[in-house]
Visitor: 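Before anything else, here's the structure in question.
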2 protein chains.
Amino acid sequence: MIMNNFRMTPQRRIILEELKKTRKHPTADEVYHSVRKKLPDISMGTVYRNLEILTKQEEVQVIRNGGKKKRYDGNSTKHFHIKCTNCGRIDDLPENLVGLIKKNITVDCGYEITGYSLVLYGLCPDCKKKLGGK
Amino acid sequence: MIMNNFRMTPQRRIILEELKKTRKHPTADEVYHSVRKKLPDISMGTVYRNLEILTKQEEVQVIRNGGKKKRYDGNSTKHFHIKCTNCGRIDDLPENLVGLIKKNITVDCGYEITGYSLVLYGLCPDCKKKLGGK
DNA sequence: TTTGGTGCAAATTCTTTGCATCTCT
DNA sequence: AGAGATGCAAAGAATTTGCACCAAA
């Protein structure tokens with residue numbers, strides 16, 4: 001597989017559309033189920049293969065932090081996330097921390113920095129309400 | 001299982017010792033193999049169960065970022081990590097970014113922040129050497 | 001003697017892969 | 001024809017769990 005000539009199949013297009021249209025950072029399984037509403041015969045294998053290809057093409061980014069499941073983000077620009085420790089929901093954070101961190105990364109441990117991932121943890125508004133009594 | 005009376009078994013003690021003594025942030029499998037040198041009959045199940053308990057007790061923290069495997073860190077104080085994108089090695093970062101980030105986390109999205117995880121990506125000194133030509 | 005822990009093996013969960021078939025060029 | 005893609009099912013990898021037995025309080 002030389003993989004420099006990707007085709008935009010209906011499956012790939014709809015997977016990408018679903019990811020672009022939500023900010024829910026769905027898991028592969030969630031993508032599968034939402035795409036299935038439009039393409040009832042699509043398989044998990046196809047979903048995984050396309051998510052991988054879209055990630056390689058940098059149309060999509062993977063969020064992998066805290067849980068067992070990968071989550072996929074249709075916004076491939078660098079940004080931060082915040083994850084609810086109660087329900088697992090992941091939201092985007094505003095861009096303002098990025099510059100700050102970049103400016104202050106002065107790591108003298110010999111690494112050559114190419115990227116970074118920040119996830120904040122906390123209770124989302126809904127869960128805060130639900131767990132209010134505690 | 002009410003789990004408020006933990007016992008310090010030899011298995012648990014040695015797992016913790018191994019984690020405290022290294023800065024390599026081993027995977028469960030790596031813990032299993034190093035503990036096996038002292039306790040040849042220990043099982044993976046026991047390793048996983050103890051890693052989970054030690055994490056709950058906050059003796060140990062889990063690093064889960066970028067890869068499929070969890071990694072375990074015998075340093076349970078909050079600190080940052082840097083991960084080599086080539087070999088997967090994870091090192092600690094100095095503490096200096098923590099205060100900075102804490103001071104500047106002003107998230108107005110309704111979350112109640114309880115923690116955060118930052119992993120930097122890059123090439124470790126060894127891999128930088130190896131891949132020098134590129 | 002009750003509660004927690006262990007080893008072993010089976011089961012789960014998430015993800016990847018092999019394969020025959022299909023679809024674009 | 002030939003490369004990429006698909007659906008299906010099986011395989012893999014990492015982790016969790018059920019169970020019978022063991023051990024400390």
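Residue numbers start from 1 in every chain, and the chains themselves are labelled A, B, ... in the order their sequence lines are given, proteins ahead of strands.
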Visitor: What is the separation between atom CG on B/Leu51 and atom C1' on C/dG5, rounded to the nearest whole Å?
Guide: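 Value for this atom pair: 15 Å.
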
Visitor: Check whether A/Thr22 reaches the backbone of A/Leu19 with its side chain - one donor and one acceptor, N or O, closer than 3.5 Å.
Guide: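 Answer holds: no.
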
Visitor: List the atom pairs, with distances to 0.1 Å, where a side-chain N or O of residues 40-48 of chain A and a protein N or O form a donor-acceptor pair under 3.5 Å, not counting sequence neighbours.
Guide:
| residue | atom | partner | partner atom | Å |
| --- | --- | --- | --- | --- |
| A/Ser43 | OG | A/Thr46 | N | 3.3 |
| A/Ser43 | OG | A/Thr46 | OG1 | 3.2 |

Visitor: Which residues satisfy the salt bridge (Lys or Arg N to Asp or Glu O under 4.0 Å) test with B/Lys21, sequence neighbours excluded?
Guide: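 Result, salt bridge (Lys or Arg N to Asp or Glu O under 4.0 Å) vs B/Lys21: B/Glu18.
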
Visitor: Send over the distance from B/Gln11 CD to D/dC21 C1', rounded to a whole Å.
Guide: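 Distance check: B/Gln11 CD to D/dC21 C1' gives 14 Å.
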
Visitor: Return the polar atom pairs (N/O with N/O) between nucleotides 10-17 of chain D and the protein under 3.5 Å, or none.
Guide:
| residue | atom | partner | partner atom | Å |
| --- | --- | --- | --- | --- |
| D/dA14 | OP1 | B/Lys69 | NZ | 3.4 |
| D/dT15 | OP1 | B/Lys70 | N | 2.9 |
| D/dT15 | OP2 | B/Tyr48 | OH | 2.4 |
| D/dT15 | O5' | B/Tyr48 | OH | 3.2 |

Visitor: Taking only residues two or more places apart in sequence or in another chain, which ones pass side-chain hydrogen bond (donor to acceptor under 3.5 Å, both in side chains) with B/Gln57?
Guide: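 In terms of side-chain hydrogen bond (donor to acceptor under 3.5 Å, both in side chains), with neighbours along the sequence ignored, B/Gln57 is linked to no residue.
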
Visitor: Using the side-chain contact (heavy atoms from CB on, under 4.5 Å) criterion, which residues pair with A/Thr55? Sequence neighbours excluded.
Guide: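 Residues passing side-chain contact (heavy atoms from CB on, under 4.5 Å) with A/Thr55: A/Val60, A/Val62, A/Tyr72.
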
Visitor: Within this structure, what is the CD1-to-C1' distance between A/Ile15 and D/dA5, rounded to whole angstrom?
Guide: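 Going from A/Ile15 (CD1) to D/dA5 (C1'), I get 11 Å.
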
Visitor: Only counting residues at least two apart or in another chain, list the ones meeting side-chain hydrogen bond (donor to acceptor under 3.5 Å, both in side chains) with B/Arg13.
Guide: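 With neighbours one apart ignored, the set is B/Glu17.
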
Visitor: Answer with yes or no whether the hydrophobic clustering places B/Val31 together with B/Leu39; edges join I, L, V, M, F, W, Y residues whose side-chain heavy atoms lie under 4.5 Å apart.
Guide: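 The answer is yes; both residues are in one hydrophobic cluster.
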
Visitor: With sequence neighbours excluded, what pairs up with A/Lys20 under the side-chain contact (heavy atoms from CB on, under 4.5 Å) test?
Guide: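 A/Lys20: side-chain contact (heavy atoms from CB on, under 4.5 Å) contacts with A/Leu16, A/Glu59.
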
Visitor: Please state how far atom CG in A/Asn50 lies from atom P in D/dG7, giving the value in whole angstrom units.
Guide: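 Going from CG in A/Asn50 over to P in D/dG7 covers 9 Å.
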
Visitor: Show each protein N/O and nucleotides 23-25 of chain D N/O combination with a separation under 3.5 Å, one pair to a line.
Guide:
none

Visitor: Among residues at least two apart in sequence or on other chains, which ones pass side-chain contact (heavy atoms from CB on, under 4.5 Å) with A/Arg7?
Guide: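 A/Arg7 satisfies side-chain contact (heavy atoms from CB on, under 4.5 Å) with A/Thr9 once adjacent residues are dropped.
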
Visitor: Send over the distance from A/Ile53 CD1 to C/dT16 P, rounded to a whole Å.
Guide: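 In whole Å, C/dT16 P and A/Ile53 CD1 are 12 Å from each other.
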
Visitor: Round to a whole Å and report the spacing from CD1 of B/Ile42 to P of D/dC22.
Guide: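 The distance from CD1 of B/Ile42 to P of D/dC22 comes to 18 Å, rounded to the nearest Å.
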
Visitor: Does OP1 or OP2 of D/dG4 have a side-chain N or O of A/Thr9 closer than 4.0 Å?
Guide: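 For D/dG4, neither OP1 nor OP2 has a side-chain N or O of A/Thr9 closer than 4.0 Å.
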
Visitor: Could you tell me how far apart A/Arg13 (CZ) and D/dT6 (C1') are, to the nearest whole angstrom?
Guide: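 Answer to the nearest Å: 16 Å.
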
Visitor: Rounded to the Å, how far apart are A/Met8 CE and C/dT23 C1'?
Guide: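 These atoms are roughly 16 Å apart.
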
